Structures are given as C-alpha cells and as structure tokens.
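What you see is a predicted model; the values in this text were computed from it and never measured. Per chain, numbering begins at 1; letters A, B, ... match sequence-line order.
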Amino acid sequence: MQMPLKYDASQVENKWYDYWMKHNYFHSEPDEREPYTIVIPPPNVTGVLHMGHMLNNTIQDVLIRRARLLGKNACWVPGTDHASIATEAKVVAKLKEQGIDKNDLSRDEFLKHAWDWTNEYGGVILQQLKKLGCSCDWDRTKFTMDDDMSEAVIKVFVDLFNKGLIYRGYRMVNWDPEAKTTLSDEEVIYEERQGNLYYLQYKIEESTDTLTIATTRPETIFGDTAICINPNDERFVNLRGKKAIVPISNRVIPIIQDDYVDMEFGTGCLKVTPAHDENDKNLGDKHNLEVIDIFNEDASLNSFGLHYEGKDRFVARKEIVKELEEHGFLVKTEMHTNKVGTSERTKAVIEPRLSDQWFLKMEDLVKPAIKAVLVDEDIKLFPKKFENTYRHWMENIRDWNISRQLIWGQQIPAYYYGDGKDDFVVAETIEEALELAKQKTKNQQLTIANMLQDNDALDTWFSSWLWPMSVFDGIRNPENNDIKYYYPTNDLVTGPDILFFWVARMIIAGYEYKGEKPFNNVYLTGLVRDKQRRKMSKSLGNSPDALKLIDNYSADGVRVGLLLSSAAGNDLMFDETLCQQGKGFGNKIWNAYRLVDGWEVNHTIPQPESSKIAIAWYESKFQKALIEIEDHFSKYRLSDALMAIYKLIFDDFCGWFLEMIKPAYQQPIDAETLKSVMAIFEDNLKIVHPFMPFLTEDIWHYIKERTPQEALIVSKWPESKPVNETIISEFEFASEVISGIRNIRKEKNIVFKDAIGFSVINNEKSHTTFDTIISKMGNLEAIDYVKEAIEGALSFRVKSNEYFVPMAGSIDLQVEIKKLTEELNYTEGFLKSVQKKLSNERFVAGAPEQVIVNERKKEADALAKIETLKTSLASLG
RNA sequence: GGGCGCAUAGCUCAGUUGGUUCAGAGCACUUGGUUUACACCCAAGGGGUCGGGGGUUCGAAUCCCUCUGCGCCCACCA
C-alpha cells in the first residue's frame, strides 16, 4: 500500500476508532483469561471534557491497552455521574432563565426538566473520550441514576438502616441559603474576609454591672441563650451565677462557666448562640441551653428577629449595629479578618444551621478500610505519600451526612405515616413500607396514601461509593458472573482531591458489601495547571479547548504531551509545546517507516556483517529498554516509561540502528536484514501503542495486509529475551569512537562523503565487533591497527586507546600538544583524587567491596590513559 | 494553630538502602550542517556550591538539626 508523505491524523484516527469499534475489541466478557479491570471515575453527566479528564483518561487507556497486549481480558467500564448539586444547580439556573421558579414546580415536574437536560447534554463527554482514543467497553456504559443503579443505592440504604448504622439527627450542618440545601464540609470553601468585631454591652439582671462581649455577628443576639465565662477568670467573679439581659429583645439569659472560653480573646465573655454555631451548640448541649433558631431557609430573620423579621442577615446586621449604637449598647468596633465558609457551588456564605438530617455511622465501617491501606497494604496508593493524608482523615472520621435537600438524586426511602418524630419506616418500596408501618402501628387502616416519602435526596457520593460493585450489578445480584469475574478491579485512576469523597468511601463500601477491596491500586494524578502554576479553570479561561488541541496535535500527540511530564501525584504544568513534541514523535516514527518502506529488496545479495551486528545490538538494546519499561510500569511511573520508549525510538532506533543498516543511496537492501528490521519495527509499534494507539495501528497495517484478528490493538506484547550486555557495552565504546571521528570532521570541515583514513593503537585490546559499523558511520577508508603513533595526523583518545586521522599537511603541532597536555593534567588530577581515597585506611576498611573494586578500576584506567598521553606527547616532540 | 510534603540546569522533573554509571533526562538555548526518511531533522556545545547555615561520616543531593520560601490537608476561637 502506498504511504502518504505526511501523516494525516484527523482521518486516520477516526478510521481506526471505527475499526476497533466495529470489531468489538473494547468489549469484554468473562472468560478463562486473567481479567484486568478499570472502572472510570464517572464524570458529571452534563460536563464537558477538560484537561483533567484528558490526563486521567489517557492514563487509564494506556493501562488498559497495555493489559490487553499482555493478553489479559481488559475491561474498562465507562459511565457518568448524576452529580446532584452541580446538575440541579444548572437545571435551576436554566429554568430561571426561562422565568420558571423551581419552587413552583412539583417534584415530578422538576425531575422531568432534569431528565430532559440530562438526555440533551448527558454523554457528550463520553463522545469526547472517544476522540481521545479511549478504549472503553461502551456496551457497559452506566449512569448513577440508571434504574438498576438507583435500586442498588436504595437497597444499601435500607440495609444500613436495618443494621442500625443510619440514623436521623438534629445536627449542625452547613446550610447554603441560596441553594437552600445542606453542603458537606468538603463542599465548603473558607475565604479570608475583612469584617468587624463588635463589642456589645449586656446589662446584668438586678445589678448595675454590665458585661461586654465581642462578636462578628451582632444579628445573632436574638438567638443568644447564655453568656459564658471561663471559671478561672478572676475578672468576672462578680458575674458568676448572675443573669444577663440581651439588648433589644430584653430576654434574660443565664451566665454559665466553661473553660472552653479563651480568656485572651475578645473580652473573655462569650455569647452563646446554640442554633448558629457549632461550638455554641456543643456548649448548649453540655449546659442544657435553649436553642433559638432565628433564621428562615433563605437566611432572612424569622419572628425571633422581632422587627427585623423578613430581612436578610447582612441587611439586618447593618441595621442592628445602628440600633445598638443608638441605644448605647455598642462599645466599640474593631477591624477583624476571619475566615468565612462559602459554598463551592453558589459562593453564598454558609450558615451553620440545625436541621434534620440522615447520618451514617462511620466509626466501625471505616476499620477494614484503614487496615487494608495502612496495615495490610492490600490496597496501594501511588504515590505513597497520600497514605498520610488518608490516615489523617480516616482516623478522625465523623459521621457522614448523607441527605441533601435536593430533588435530583435517589430519594431517601423513608416513609412517614404520622406526625411524630419516629413515625416513619424505611423500605425499598412504598408497598413494603406500608406493610412495615402496619406492623409497627398495628393499624390496618393505613393506605399508600398515608405514606409520605422523605423529601430529601441522597448525597451523590452515596451512589458513587458503590460504583465498582454496582456497575457489575454486584449489589442486587451478588452471585452474577460479571461481579465474580471482574471484582476486585485492578487500578483506579483519579485525582487526590476526591481521595476522601470517593476513594475512601468505595473502599469502605467494598469491604462492607463484598468483604473485599474494590481495587488493588490507586493511581492519584496531579492537577493540570498552566505555565504560571494556576489551576486550570473555566473562570480563569486558561484551560485550552480539549477537542481543539486534538485537532491541532492529534489525539496521539496530546496523549504523549500530557504524559511526558506528569509523574503520579505531581501537578502537571501544561504547555502546548509538549503536545507539539508528542506530534513530532509521531512524525518521527512515521518517517522512519517511510524510509524502511521505500527500500528495494534484493534477494541475492548477502547480509553485510555490519547489519548482523546492528540487529544483534538493537535487539539487546530493545530488551534492556523493555526491562526498564516494565519496571516503570510496575511502579506506575508512566512518564518515565514513555520517556524510555521515546529515547529508544528516537535515539537508538532512528539515530543509530537505521543509520547502521541503511543501504547506500539508491542501493537495495538484502532480504535477511529487511526481514529483521520489519520484525523490530513491529515490536517498536507494540510498545508505543498504549501511548499512541492510532498512529501505531495505522503503520501496523502498512507493514503487511492483516486480518482484523491481527490488529495491533489485540496483538501480543514483545517477548522477553536475555540481554547481551557485552554487545551493548561494546557499542558504547564504538559510539565514542564515532563521536571522535565526527568531531575531527567538524573541526576540519571534512564533509561526510569524503572517506578518511583511520588508525588505532588498541591499548584496551577492545573487540573489533563494531569495526564495520564504525567504518560505515564514519565513512572510513579502512581501520588500521598500528603500534606507533601516526605522524601528521589528528588524534583523539577513548579510554587508553588512541585514534589517528591522517591529515595532509595542516597539523598545528602546538595545538595538538596543548590539547594533550590539558587532557593529561585533568587525568592526573583525577588519578590523584582516586588514589587519595584508596590510601585512606578508613575508606578501605569501611567501604563495601564493590566500591573499592570500582575505585581500583578507575585508578587502573587513569594510569593507562596517562601512559597513552605521555607516549603521544613524547612522539610529538 | 495542628499535620503532611516540597526546594536539584532557564523550564518541567529523575536521582531506590549514603559509595560504579552522581551531579542526570527531556525541553529551551548557542554553534554548525539539507540534492540521498524526517529542519516536526542531524551533529556538537554551554549551563547547577543540589534553597541558606550547621552537624554526623573515611565519604552527603541523599541522614540529623536549624533558618528561609512554597504547596496541600485538617481545625478554624467568638
């Protein structure tokens, strides 16, 4: 088949992706082979591909494709996540644009809008992954809100509830007044804000004394239910046991004592507002204080706010400060910076709020997950440094608030049949719930209509923590073939930012529901940043358009660009020139094949000696690289593996090997050599394929006509063979000789096509294996072995060997002498340092045998070289 | 404030239990080279007191202490 001069990625990439799909190579079914499984970290269903996804999924595809080549049954399960908060926020925003208020819609109406949205945008990101070359088993695509997936989630909720691990609690949560929902601690971002510290004076009941408190939130005085002082604080002896009067509302509240109060901060008096501060809540519980919630859902004041009722908290703050000042309660105002919690999604300031929530007890669930990672190392994190972070979180874990005040998500399967706090049952269906309720109440009159399901939805992570099991239907149907075959999965590739949200919880769920880990290894990628180290984000506009990058540099080029400098766990400073380098690598391979492809073969000419040696050498070099590559892969050092391959192909294969075996201009090549070159080329393509799947598959089919079963994607990874170290080190030596020749050519402006004479004094007794190659690569007339220095020649040395290139006339003796003298001085200095080390008794006594042997060898080499240099100098006069 | 981690060439990073190959790679840079696969190329070259200081050792980029500058996680004091 005729090869185009230039590689056209846009056509080639589509062609081969379709080909792979058509022949079903991404699809996996359980069989007798060893499975290799990855479940994708499901991207948000309405998301678009960004650089983080590109990196992440490139890594997964490299691992999957390599596993496939290694003969494993590779299965990469794709899918998307319903991302309740993000998606619901987007749907609400879109409805708002259309003039529709979410609160005017019924639950079903809203869900319809959300599903429409999902169906419209959902899966766009999966289509984009195909452009990148991801070899996912698309037949297995899952969505966390698929019926079967939701069923699994509900089943797990009911099970955990029945085990007594899920409870309802009145708890302080992070309330987002804009989204009117609860956020997890992880979704709250603390920002430093400039604010004021207000000093307020409270009167003491039946006394003329006053006390002063400092607060950043004067509007919360309506929720004050105590003043707290430190029992050790001598300044406030007079206050002990007294009562204080809250300004404006004139409520009388107790003055309590607790050493929680920091005597140094503010005034040493603390106002206690249990409804609006976590610490105050704890104090309140301890001292049995009343709880007064002064806010509505949207953080405007309720009736406890008296004449501020209905006003927003920030408006009320301003106005109340004014009122306090007018009545003389405001002592002073200080500037104060504090950290304010804001919503990751809506940016609204978070309000700590007490509300009814569902919680999962974590204390016992977490135990096997800690043991698996930190004790047994059953699950390994790459890089290992994240184990510390994991430990810290797992050992300080708090109960998980799994309810969200959202519609989009799995609705909590709790059904209320009465007004009492405990008048509810938990069941997988409303019918079952009804039966349970009848049993519980002994009231046979209850009907479906009496059963009112909880309004809240479950946290998205409560569905995704089951992902490695539920994608194989392992929750509903634990004995099915898929789950038995594919679980536990092999590698999980994700970002460290969701180590707790997701990774840790999957481990917990895995042990709870399968009694087994969900995956063996976790590869934590870094964040993709721009050249200025800024996180790539939509708001900064510094994130390149992923698909545009693919258009410009080809998917292969972008994949290589992303992996060239991204060690596991290290942030990746993304630079488009890396993609250029990736594309350049593709062109290099393409052109190398064009060269080979263009050779005419002649079956009658014998194989040159130089080609025989070149083949033997490259095969060893390849095997050595293969060992290195395996080692990098085993440590998940994908960048290093890629770099090793890059250098092997660029330098050893293209730079050296092809030049060694290349026939003279317009001359044919012998059949024997060409056959070996093609086999070598195939092996090269195999190791590049996981990184550059398209280009390699394309060239693979130029090499010869192949049936679909012989496609590169399903070929076999190169076999390991013994490495001939001798030939590798002989080449190292030869390459130094060739460099010496090139240097002389360059110095004297001798063009390559002019053959030159060459002599050697072989003090090293080095082998002549590579002589034909040195001769070819240096364009030498011959290599003469001589005993004495050649006069009228330029010289150079490799170790103690001396090489001569005869020069007609123009040798500058002084320059030669100077060069030799400098080399001599350097070598003598080196010898001295080695000998100093060797004459140090403590070194000889303390250093390991091998180190001393090496030092002795250095000494011997230096001595030999000095001898050579001295002889040369003497001969020059 | 508590915890973890990082600092090596202009940039991005390797450097495994202190000792061959320990001061490296890729990119960038400089110089020279295209009738013969590829200028998306080839050849050669410059460039670092391994963040500062101190210590342990025969020997330190590597171990210890300290200082400085960064990053991340946790708790966030009214």
Given B:G3, B:A37, B:A44, the nucleotide with the shortest approach to the side chain of A:H392: B:G3

Whole-angstrom distance between B:U56 and B:G46, as gauged at atom P: 37 Å

Touch class at under 4.0 angstrom, heavy-atom based, for A:N749 against every strand present: nothing

Rounded distance in Å between the P positions of B:C65 and B:C6: 14 Å

Complementary nucleotide of B:C29, counting Watson-Crick and G-U pairs under 3.5 Å: B:G45

Nearest-Å distance once atom P is located in both B:A9 and B:A25: 14 Å

Ring geometry between A:W590 and A:Y702 (parallel below 30°, tilted from 30 to 60°, perpendicular above 60°): perpendicular

Interatomic distance where CH2 belongs to A:W393 and C1' belongs to B:C74 [whole Å]: 12 Å

Sugar-phosphate, base or nothing in reach of A:K384, heavy atoms under 4.0 Å: nothing

A:N743 side chain, from C-beta outward: closest of B:A44, B:G19, B:A37: B:A44

Between B:G33 (P) and A:K748 (NZ): distance, integer Å: 17 Å

d(CZ, A:F501; P, B:C73) in whole Å: 10 Å

Pairwise C1' distance for B:U12 and B:A7, with rounding to whole Å: 14 Å

Sugar-phosphate, base or nothing in reach of A:V853, heavy atoms under 4.0 Å: nothing

Side-chain ion pair, A:K799 and A:E736, N-O less than 4.0 Å: no

Whole-Å distance separating the CD atom of A:E736 from the P atom of B:U21: 14 Å

Whole-Å C1' distance, B:U16 and B:G54: 28 Å

Spacing of the C1' atoms in B:U34 and B:A43 (rounded, Å): 13 Å

Among B:U35, B:A78, B:C27, the nucleotide that comes nearest once only the side chain of A:K753 is considered: B:U35

salt_bridge(A:K865, A:D861) N-O dist < 4.0 Å: no

Any residue meeting side-chain contact (heavy atoms from CB on, under 4.5 Å) with A:D497, in chain and number order, not counting sequence neighbours: none

Geometric class of the A:Y646/A:F585 ring pair [parallel <30°, tilted 30-60°, perpendicular >60°]: tilted

Sugar-phosphate, base or nothing in reach of A:C228, heavy atoms under 4.0 Å: nothing

Sugar-phosphate, base or nothing in reach of A:E732, heavy atoms under 4.0 Å: nothing

Touch class at under 4.0 angstrom, heavy-atom based, for A:Q581 against every strand present: sugar-phosphate

Side-chain H-bond candidate by donor/acceptor type, A:T220 with A:K271, under 3.5 Å: yes

Under-4.0 Å side-chain N/O to phosphate OP1/OP2 contact, A:R398 with B:A75: yes

First encountered from the 5' end of RNA chain B, between A:Q580 and A:Y665: A:Y665

Separation of B:A14 C1' from A:D640 CG (nearest whole Å): 6 Å

Mate of B:G59 where both pairing distances stay under 3.5 Å, Watson-Crick or G-U: none

Sugar-phosphate, base or nothing in reach of A:S739, heavy atoms under 4.0 Å: sugar-phosphate

Given A:R313, A:R317, A:H276, the one that forms side chain to side chain donor-acceptor pair (under 3.5 Å) with A:E219: A:R317

Between P of B:G26 and CG of A:D575, the distance in whole Å: 17 Å

Per A:K635 side chain, nearest of listed nucleotides B:A37, B:A44, B:U16: B:U16

Minimum-distance nucleotide (side-chain atoms of A:R594 versus B:A78, B:U16, B:C38): B:C38

Atom pair distance, as rounded to whole Å: NZ in A:K647 and P in B:C13: 17 Å

Nearest-nucleotide pick for A:V261, side chain only, options being B:C38, B:A78, B:G5: B:A78

Phosphate OP1/OP2 of B:G19: any A:K858 side-chain N/O under 4.0 Å: no

Atom P, compared across B:U68 and B:G10: separation rounded to whole Å: 25 Å

B:U21 to B:C38 separation - C1' atoms, rounded to the nearest Å: 32 Å

Any side-chain donor near an acceptor of the partner, A:Y593 and A:N684, under 3.5 Å: no

Sugar-phosphate only, base, or nothing, as touched by A:F650 at under 4.0 Å among non-hydrogen atoms: sugar-phosphate

Watson-Crick or G-U counterpart of B:C70, or none if no pair lies under 3.5 Å: B:G5

For B:U17, the Watson-Crick or wobble counterpart (both distances under 3.5 Å): none

Distance test, side-chain N/O of A:K588 to OP1/OP2 of B:A37, below 4.0 Å: no

Side-chain N,O (A:R637) to OP1/OP2 (B:G15) below 4.0 Å: yes

Distance-only donor-acceptor test, A:K385 side-chain atoms vs B:C4 base atoms, 3.5 Å: no

Nearest-Å distance for atom pair OH/P, residues A:Y636 and B:A14: 19 Å

